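Here the structure is a predicted model, which is why all the values come from computation and not from measurement. Just so it is clear: chains get the letters A, B, ... in the order the sequence lines come, proteins before strands, and each one is counted from 1.
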Protein chains: 2
Amino acid sequence: MSTRGQSVVRALRDKVLDGEYAPGARLNEIEISNSLNVSRTPVRAALAILATEGLLDYVPNSGYVVRSYSVQDIEGVYAARSVLEGLAARTVAEKGISDRVRGLLHKNLAETEALLNETDWSDRLRDEWGRLNEEFHEAIFADAGNRHLSELIGKSRSIPLLKGVKFRWHDLDTLAASYSDHAELFDAIANGQGTRAEHLAREHVYQAGRRLVANWRRAGVDGASAATRRPIRKVSRAA
Amino acid sequence: MSTRGQSVVRALRDKVLDGEYAPGARLNEIEISNSLNVSRTPVRAALAILATEGLLDYVPNSGYVVRSYSVQDIEGVYAARSVLEGLAARTVAEKGISDRVRGLLHKNLAETEALLNETDWSDRLRDEWGRLNEEFHEAIFADAGNRHLSELIGKSRSIPLLKGVKFRWHDLDTLAASYSDHAELFDAIANGQGTRAEHLAREHVYQAGRRLVANWRRAGVDGASAATRRPIRKVSRAA
DNA sequence: TCTGCGAAGATTGCATCCAATCTTGCATTC
DNA sequence: GAATGCAAGATTGGATGCAATCTTCGCAGA
């Protein structure tokens with residue numbers, strides 16, 4: 001809440017990531033400035049920043065639209081994320097996990113396991129599971145102590161429309177498998193097994209990506225049409 | 001040359017990457033707008049973008065400074081780059097290299113080899129070698145067909161002050177070794193050996209990073225002081 | 001001499017106005 | 001009827017003025 005520009009960046013980023021602005025949607029400076037009660041100046045700054053972050057596409061003199069991701073794009077994102085998180089896991093394993101993160105992950109695993117034994121699997125529990133999953137991954141790559149790596153992973157984790165649909169169709173078996181992955185990964189890291197940790201993390205993220213793509217396809221027309229890149233301006237009529 | 005803002009972004013980015021603005025240097029909006037003959041508006045937009053790209057540090061109400069990278073930071077950047085370029089190499093090897101890039105790399109290797117047989121090793125040849133090296137790497141990760149991966153590698157390859165000092169102290173033996181790495185990597189990719197290609201690329205980039213860090217340290221006081229992070233504002237006096 | 005306070009100067013943040021470009025719709029022409 | 005050209009509206013790009021914040025420098029006091 002430092003400057004208005006930063007506030008607008010946060011507000012718009014959340015809306016884009018939550019799908020409030022769907023992929024392909026056009027972002028109008030005046031509408032946004034009215035809805036957020038600021039002038040166009042901080043809005044324009046925020047749009048430029050979000051475009052640089054990769055959340056928006058920008059065409060000069062035309063405007064900004066929420067970037068659309070095809071199935072191939074998503075596969076590419078997860079391919080990159082898998083090697084990055086693999087590197088993070090290896091790094092933590094080889095340099096030694098910090099006591100703080102060891103305790104955090106231990107607690108995280110216990111809470112996740114408890115969650116899996118719940119009977120009524122409501123949306124609230126799903127959200128809680130998503131939070132724990134995020135906490136687990138973030139704790140690891142933060143403990144790698146590599147600022148650049150953290151930035152790259154962060155960029156790979158914030159993609160329009162992924163956040164909202166990410167863990168929506170997961171059945172209990174999938175969640176249990178994910179928990180098992182986490183437990184093994186923690187074991188490898190805690191025991192300094194760098195190569196094992198790297199491979200486990202890579203495979204874990206890879207599987208997550210594959211499930212996401214499968215759900216993406218299963219979502220059918222909605223997801224497909226929303227993910228289809230829509231041109232900002234009409235193509236020129238002259239051939 | 002579409003909008004002034006984009007022109008300013010390019011101009012400032014080049015200056016930062018070439019070291020014209022040294023790490024830790026403060027960027028004044030008015031000075032820049034005067035030197036580039038534009039108003040503060042496009043300059044402000046450009047500064048925000050470059051900060052988002054990671055080239056500048058930003059402190060609200062204080063301004064922008066060229067981001068400084070410690071030796072640990074550089075090691076981290078190269079660690080990330082190595083796994084990313086490893087992934088790119090594996091991807092190209094497994095999906096099959098395109099004819100265009102196969103020809104390009106073939107030509108690139110021939111030109112590099114010819115360069116190594118030159119007798120008078122002038123600065124011009126050094127620059128030429130740097131260009132060929134860049135072309136080689138870029139051709140590979142571009143051929144992977146992963147937009148996100150390309151963006152991440154691009155971000156890892158544009159770091160303040162690296163461009164200028166990158167290949168300045170390399171002796172002929174080092175360059176020959178690098179050429180040999182490239183040749184082997186091309187062989188692995190062209191023969192569809194994904195794992196081998198990945199490992200070769202990782203090691204190649206890792207070695208490049210290690211050499212850079214060694215030169216960085218050897219540069220001694222200059223590099224060290226330039227790389228030392230300088231606080232933007234005075235620390236608050238009250239404890 | 002050093003520390004803390006305060007006022008003046010400098011710099012950034014934001015709002016608003018104008019210019020440039022694009023988009024849209026209609027009329028005209030083939 | 002379809003395509004082209006033109007004009008009006010809408011939207012973005014840039015410049016400028018003012019407010020808010022920070023920085024710097026000097027001064028008073030311990």
* Asked: What is the per-nucleotide protein-contact pattern of nucleotides 16-21 of chain D, from the 5' end, where B denotes a base atom under 4.0 Å from a protein heavy atom, S denotes such proximity for sugar-phosphate atoms only, and - denotes neither?
  -> BB---S
* To do: Return no unless some side-chain N or O of Arg26(B) is found under 4.0 Å from OP1 or OP2 of dC22(D).
  =>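 No, no such contact exists.
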* State whether Tyr58(A) places a side-chain N or O below 4.0 Å from either non-bridging phosphate oxygen (OP1 or OP2) of dG13(D). =>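 Result: yes.
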Please name all residues satisfying side chain to side chain contact (heavy atoms under 4.5 Å, CB included) with [X], sequence neighbours left out, ordered by chain then number.
X	answer
Asn28(B)	Ile30(B), Glu31(B)
Ala139(A)	Val101(A), Leu104(A), Leu105(A)
Ala45(B)	none
Ala51(A)	Leu56(A), Tyr58(A), Tyr64(A)

Interatomic distance, [X] [atom1] vs [N] [atom2] [rounded to whole Å]:
X	N	atom1	atom2	value
Gln6(B)	dG13(D)	CD	P	9 Å
Tyr64(A)	dC22(C)	OH	P	15 Å
Leu36(A)	dC14(C)	CG	P	13 Å
Ile32(B)	dT11(C)	CD1	C1'	13 Å
Arg4(A)	dT16(C)	CZ	C1'	14 Å
Glu29(A)	dT16(C)	CD	P	15 Å

Could I get the full list of salt bridge (charged side-chain N to carboxylate O under 4.0 Å, His left out) partners for [X], not counting sequence neighbours?
X	result
Arg131(A)	Glu111(A), Glu128(A), Glu135(A)
Glu29(A)	Arg40(A), Arg44(A)
Glu53(B)	Arg13(B)

* **Interface residues of residues 43-51 of chain A with DNA chain D (non-hydrogen, below 4.0 angstrom)** =>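 Residues of residues 43-51 of chain A under 4.0 Å from DNA chain D: Arg44(A).
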* **Helix axis bend for the helix from dT1(C)-dA30(D) to dC30(C)-dG1(D) - C1'-based end axes, five pairs, 10° rounding** =>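 The end-segment axes of the helix from dT1(C)-dA30(D) to dC30(C)-dG1(D) are tilted 20° relative to each other.
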* So which heavy atom on Gly5(A) is nearest to which on Ala46(A), and how close? ->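 Taking Gly5(A) first and Ala46(A) second, the nearest heavy atoms are O-CB, 4.2 Å.
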* To do: Work out which heavy atom in Gly154(B) is nearest to a heavy atom in Ser158(B); give both atom names and the distance.
  =>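 Taking every non-hydrogen atom into account, O-OG, 3.0 Å.
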* By side-chain hydrogen bond (donor to acceptor under 3.5 Å, both in side chains) - contacts of His148(B) (at least two apart) ->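 His148(B) satisfies side-chain hydrogen bond (donor to acceptor under 3.5 Å, both in side chains) with Ser156(A) once adjacent residues are dropped.
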* Asked: Taking only residues two or more places apart in sequence, or in another chain, which ones meet Glu94(B) in a side-chain hydrogen bond (donor to acceptor under 3.5 Å, both in side chains)?
  ->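 Partners of Glu94(B) by the side-chain hydrogen bond (donor to acceptor under 3.5 Å, both in side chains) criterion, ordered by chain and then number, come out as Arg90(B).
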* Asked: Counting side-chain heavy atoms from C-beta on, which of dG14(D), dT23(C), dT12(D) comes nearest to Thr3(B)?
  ->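 Closest of the options to the side chain of Thr3(B): dG14(D).
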